[in-house]
Every structure is written in structure tokens, then in C-alpha cells.
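One structure is given below, encoded as C-alpha cells.
Residue numbers start at 1 and run along the sequence shown.
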Amino acid sequence: QAARTPEHGVWRRTGRNTYLLRFKSFNFDASGVAISYSVVTHSLILDHRADEYFSQGTAQFYLLDGTPTMQGCSDASATRFDLD
């Protein structure tokens with residue numbers, strides 16, 4: 001089964017409730033050998049209560065030597081919840 005590392009990246013505030021984010025992760029084949037990496041770039045909108053967000057952008061995939069292999073669109077959303 002193929003696996004990948006956790007995402008690591010950066011966020012930059014671009015407006016009152018808007019951000020630009022970019023993160024990278026490495027992908028491995030079933031034997032654990034690194035084979036590629038991906039970079040996701042999104043624009044994010046945080047709601048006025050900071051309880052929800054929606055983001056959309058691109059996901060770019062590369063071979064380890066930096067050769068691009070595939071690009072697609074992606075989006076994400078989240079809602080804060082309490083542990084109580």
C-alpha cells in the first residue's frame with residue numbers, strides 16, 4: 001500500500017478573513033521507497049466567527065527530480081467542533 005508523509009507548509013494572510021496556503025508532502029510506493037511529491041496551493045476564506053473555512057486551488061504532482069507529472073483542482077472545507 002502506498003503512503004505519504006504529513007503535509008508541511010506555510011500560510012499567509014491576504015485579507016481580513018482570507019489566506020493563501022501552500023503545503024508539500026512526499027509519496028512512497030508499497031515498499032517504502034520515495035517516488036514523488038505533491039504541492040497543494042489554496043486560497044482560503046475563514047468565516048467571521050473563525051468556526052468554518054472553505055478553500056480551493058490546485059494540487060501539482062512531481063517526480064523526485066522536479067519533473068511535473070499531473071495537476072488537478074482541489075478544495076477543502078472544515079468546521080470547528082468542541083471536545084466537550
Cut-off 3.5 Å, side chains only: do T58 and T41 have a donor facing an acceptor?
no
Within the 4.5 Å heavy-atom criterion, are K24 and Y37 side-chain neighbours or not?
yes
What distance separates L46 CG from H48 NE2, expressed to the nearest 0.5 Å?
10.5 Å
Quick check on R12: does its CZ atom have over 12 non-hydrogen neighbours (other residues, nucleotides or ligands) under 6.0 Å away?
no
For residues F26 and V39: do they belong to one hydrophobic cluster (side chain heavy atoms under 4.5 Å, members Ile, Leu, Val, Met, Phe, Trp, Tyr)?
yes
Calculate, to the nearest 0.5 Å, the distance between atoms CG and CG belonging to L44 and N17 respectively.
9.5 Å
What distance do N27 atom CG and S38 atom OG have between them, rounded to the nearest 0.5 Å?
5.0 Å
Say whether, by atom type as modelled, one donor and one acceptor occur between the side chain of R13 and the main chain of G15 under 3.5 angstrom.
yes
When rounded to the nearest 0.5 angstrom, what distance separates CD in Q60 from OG1 in T69?
7.0 Å
Does CG belonging to L64 count more than 12 external heavy atoms closer than 6.0 Å?
yes
Does the side chain of Y62 come within less than 4.5 Å of P68's, by heavy atoms?
yes
Would you give the length of the straight line joining atom CG of D75 to atom SG of C73, rounded to the nearest 0.5 angstrom?
9.0 Å
What I want to check is whether the side chains of S74 and H42 have a donor and an acceptor closer together than 3.5 Å.
yes
Can you label the angle between the W11 ring and the Y19 ring as parallel, tilted or perpendicular, going by 30° and 60°?
perpendicular
How many angstroms lie between atom CG of D47 and atom OH of Y53, to the nearest 0.5 angstrom?
12.0 Å
On a heavy-atom basis, which atom in P6 and which in S25 lie closest, and how many Å separate them?
O-CB, 4.0 Å
Please confirm whether the backbone N or O of A50 pairs with a side-chain atom of R80, one donor and one acceptor, at under 3.5 Å?
yes
